[in-house]
There are 4 protein chains.
Amino acid sequence: MRKKEGNKETAILEAAVKVFAEKGYHQSKISKIAEVAGVATGSVYLYYKSKEDIILKIFDQLWSKLSQELEQTIQRTDLDPVTKLDAIIDILFDSFTVNPALAIVFVNEQNQLMQQEKGNVAKLYKGFLDLSEKILREGVDKKIFNTNIDIILYRDFITGGLRALLHEWARRPEEFPLDQIRKNVKYIAKNGILIHHT
Amino acid sequence: MRKKEGNKETAILEAAVKVFAEKGYHQSKISKIAEVAGVATGSVYLYYKSKEDIILKIFDQLWSKLSQELEQTIQRTDLDPVTKLDAIIDILFDSFTVNPALAIVFVNEQNQLMQQEKGNVAKLYKGFLDLSEKILREGVDKKIFNTNIDIILYRDFITGGLRALLHEWARRPEEFPLDQIRKNVKYIAKNGILIHHT
Amino acid sequence: MRKKEGNKETAILEAAVKVFAEKGYHQSKISKIAEVAGVATGSVYLYYKSKEDIILKIFDQLWSKLSQELEQTIQRTDLDPVTKLDAIIDILFDSFTVNPALAIVFVNEQNQLMQQEKGNVAKLYKGFLDLSEKILREGVDKKIFNTNIDIILYRDFITGGLRALLHEWARRPEEFPLDQIRKNVKYIAKNGILIHHT
Amino acid sequence: MRKKEGNKETAILEAAVKVFAEKGYHQSKISKIAEVAGVATGSVYLYYKSKEDIILKIFDQLWSKLSQELEQTIQRTDLDPVTKLDAIIDILFDSFTVNPALAIVFVNEQNQLMQQEKGNVAKLYKGFLDLSEKILREGVDKKIFNTNIDIILYRDFITGGLRALLHEWARRPEEFPLDQIRKNVKYIAKNGILIHHT
DNA sequence: GATGAATGAGTGTTCATTCAT
DNA sequence: TATGAATGAACACTCATTCAT
């Protein structure tokens, strides 16, 4: 928020995303992040208390933002579950389109952070998944979504699939037009691979 | 005593999978791997030339084995594409069921290794995906699979979804009965979430 | 604070000379050099990129300085070859007198470094020897030095002899008064052991 | 002495000389010495109790042999001091001619071993030098050698000069014909560089 | 706040030495 | 004796973090 300081704080976070995306968290040096951010090494520690703190803030910010957006979608009464399902996908795609490096960091580092139970990553991510679950639950209740499918599993499955595609796209954006990916994902998530004769 | 007992070589690899699964590759110490394997630190270097070499061998072995199994499935003429699609899923599930830690390592480290272009990981994994593609292509040709879906994208999507579920399962096997996951995945991959009225 | 105080850089180099002189290059630990220099272990790597880099810099500095001094002597037209020959000896003695430890390092490590063709040691040393050769050549041309003697061999012989004496002196300065050594060397180099009746 | 075992013991020592000459003592691995000697790594320890023991034995053997030869020369009453001085030089040259690698090891490692006071190297070498001194002393007494020259210094000087030339020769035998070196050394040691008009 | 030189704990890797066979 | 796999102590080097300026 504050202009002057906020600039450096943000610059460091953005630099970190870039560096983490390229080298991976553990291979990234604080000095490199500082260099990319255009600040001195020591300055990083004015805004973040450790290297880990940086990546946790990245994920904090990511999932807070996505959860908030998803929340808004859920509350809309004018949309049916199918459209809301599409919306989840759109929220993720839109978010990472703006910042492909963030997609890479997400894909590469999230698991470990959750597994090591660092910071709030697991909790925040769970929050997002829970929101997704609500939408799915709503669809099931309205007999639009298949009751045979375990909603938790479906939710994780779709998120995992998305993650893989986002990663591919983020690494080679030119080979995988995002709109095509998005369209396909929406279709697959709903219909699977089989041809359904109605 | 004799080199080809292979006990120690294998013990180290298995220990590494466990340690990598628990701590992540970068946080894992060679001395810890040695300890778990029941050998001295230096002995690790009798069989592997570096820490990286260990993880690369893990992935080499993994994808070679899976590719080989998939190959056999593809060549069977008595199976239709749908059954073969199920087979891919089974192959992955069976493999990781035997060794949940391996699933975790796979999920956590594969991306980075591929991205940093270490060893043959990318090539071997591509080999596996290419085989999967064959099955999908066959289904498309036989008008069983939906032509609107981009096969490459579908393939990556499903693999990503599987990966996510395997990871969840590997971390908390008791909460996610593998058979239920397997059944759901097979269903979702084919039909998506929607109810299809035939 | 400022990089160019150079205090630390120099302190490390001087500490290294001391430690190398006492233990020999390979037995010397970076941590010991740091300790003697009064800095932290890691600080050594702020100024030198490796242990080898340190010893190479020592030799770089040594031969550059000596060559420069010798060059000045050669260019003097007021000195005859015999005096210039004495000057070579003086230059070496003066140099090592200031820093006996340096003499020891020189004697103990130079051969190996040259043989393994590390850095510029061989080149720089050759530069020094070439300058010495010029003086000898001048003496031969002026019929003052003996034509029967191969100049290259003489040059190497004298340098080797000097080296040995410097080493002895550096280890036990009190037993070998430097002035006596110097006087003897000058005499031997010119007249050998025999009594020449003129 | 014993044939079978003696072979291996000697093979190891000879291999060590070669390896030490090429890599330097500290960079030489026992496993490499064993390989060159054609024995197993562990076998080295059947004959030598440590790496250091090997190099000490090399020097033991070297100086014992040279001292013995020199002793015989000294005792000859039919030779004048000048001829005996030549003999010292011949003994050294002959010895290293047979085994140039030994010359390199001598030049590169002797100082350090003496300085660190390992084994008997210093004592044995001193024995050799003392014998040389006797010859010089004899020359002085007979008014053939110059009384102005400190014998100890002369002795060290000549030995150092020899060492340097032997090293050069051992590294590039083709460039420095040994006989020419030998002739020059003998001349320089006696007459120095100056032309003496008699 | 901002800097970047300084710190020193941490770890992959080597290799002399041992020892079961 | 002979082997060579196994050992584990040792050390160069890295880099997150601190702190004097």
Side-chain angles (χ1 to χ4, degrees), chain A residues 2 4-5 8-9 12 26-35 37-54, chain B residues 1-5 7-9 12 26-35 37-54, chain C residues 1-5 7-9 12 26-35 37-54, chain D residues 2 4-5 8-9 26-35 38-54:
Chain A
R2 300 164 210 58
K4 276 284 164 45
E5 309 88 280
K8 237 162 221 182
E9 187 170 353
I12 291 166
H26 284 101
Q27 269 103 331
S28 298
K29 304 186 216 172
I30 293 288
S31 59
K32 179 70 180 170
I33 292 172
E35 182 199 318
V39 302
T41 303
S43 300
V44 171
Y45 289 85
L46 295 173
Y47 300 98
Y48 302 95
K49 78 172 199 292
S50 68
K51 187 179 174 184
E52 191 179 292
D53 189 37
I54 299 176
Chain B
M1 183 216 329
R2 269 164 298 288
K3 193 169 211 162
K4 273 299 83 179
E5 291 211 6
N7 280 336
K8 250 162 210 173
E9 188 169 356
I12 291 165
H26 284 102
Q27 269 103 330
S28 298
K29 298 188 247 175
I30 291 288
S31 57
K32 179 69 180 172
I33 293 172
E35 183 198 318
V39 301
T41 303
S43 298
V44 172
Y45 290 87
L46 293 174
Y47 301 98
Y48 303 95
K49 77 174 196 295
S50 67
K51 189 178 171 186
E52 190 178 294
D53 189 37
I54 298 176
Chain C
M1 184 216 329
R2 268 166 297 290
K3 194 172 209 163
K4 272 301 83 181
E5 291 210 5
N7 279 339
K8 252 164 209 170
E9 190 170 354
I12 291 165
H26 284 102
Q27 268 104 331
S28 299
K29 298 188 246 174
I30 291 288
S31 58
K32 179 70 181 172
I33 293 173
E35 183 198 317
V39 302
T41 303
S43 299
V44 171
Y45 291 87
L46 294 174
Y47 300 98
Y48 303 95
K49 74 175 201 294
S50 68
K51 189 179 171 185
E52 190 178 295
D53 190 35
I54 298 175
Chain D
R2 301 164 211 59
K4 275 285 165 43
E5 309 89 277
K8 237 163 220 180
E9 188 172 352
H26 284 102
Q27 267 104 331
S28 298
K29 304 187 216 169
I30 291 289
S31 59
K32 179 69 180 172
I33 293 172
E35 183 199 319
V39 303
T41 302
S43 300
V44 171
Y45 289 85
L46 295 174
Y47 300 98
Y48 303 95
K49 77 173 201 292
S50 69
K51 189 181 173 183
E52 191 178 292
D53 189 36
I54 298 175

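When rounded to the nearest whole Å, the span between NZ of K51(B) and P of dT13(E) equals 8 Å. Atom CG of L46(B) is separated from atom P of dT13(E) by 14 Å (rounded to the nearest Å). In this structure, CD1 of I33(C) is placed 11 Å from P of dC13(F), rounded to the nearest angstrom. For the pair K29(B) NZ and dT13(E) P, the computed distance is 15 Å after rounding to whole Å. In this structure, Y45(C) atom OH and dC15(F) atom C1' are separated by 13 Å, rounded to whole Å. Rounded to a whole Å, the CD atom of Q27(C) is 13 Å from the C1' atom of dC11(F). Across the protein-nucleic acid pair, D53(A) atom CG and dT17(F) atom C1' stand 13 Å apart, rounded to whole Å. Between Y47(B) atom OH and dT13(E) atom C1' the separation is 17 Å, expressed in whole Å.
Place V44(A) and H26(B) on DNA chain E by their nearest nucleotides, and V44(A) ends up nearer the 5' end. For the pair G42(D) and S43(A), both in contact range of DNA chain E, the more 5′-proximal nearest nucleotide belongs to S43(A).
Panel note: side chain K51(A), backbone S28(A); a donor-acceptor pair is recorded below 3.5 Å.
The two residues A34(B) and T41(B) come nearest to each other via the heavy atoms CB-CA, 3.6 Å. Here the shortest heavy-atom pairing between I12(B) and V44(B) reads CD1-CA, 3.9 Å.
Annotation: side chain of H26(C) is in contact with side chain of Q27(D) (closest heavy-atom distance under 4.5 Å).
Backbone-only contact: I30(C) has heavy atoms under 4.0 Å from sugar-phosphate atoms and none from a base.
In this structure, dC15(E) forms a base pair with dG8(F), meeting either the Watson-Crick or the G-U wobble geometry with both donor-acceptor distances under 3.5 Å. In a base pair of the Watson-Crick type (N1 to N3 plus N6-O4 or O6-N4) or a G-U wobble (N1-O2 and O6-N3), with each distance short of 3.5 Å, dT21(E) is matched with dA2(F).
Going from atom OH of Y48(A) over to atom CG of D53(A) covers 8.0 Å, rounded to the nearest 0.5 Å.
Remark: K8(D) is in phosphate contact with dA2(F), judged by side-chain N or O atoms under 4.0 Å from OP1 or OP2.
Relative to the side chain of A40(D), the nucleotides dT13(E), dT3(F), dG4(E) differ in distance, and dT3(F) lies closest.
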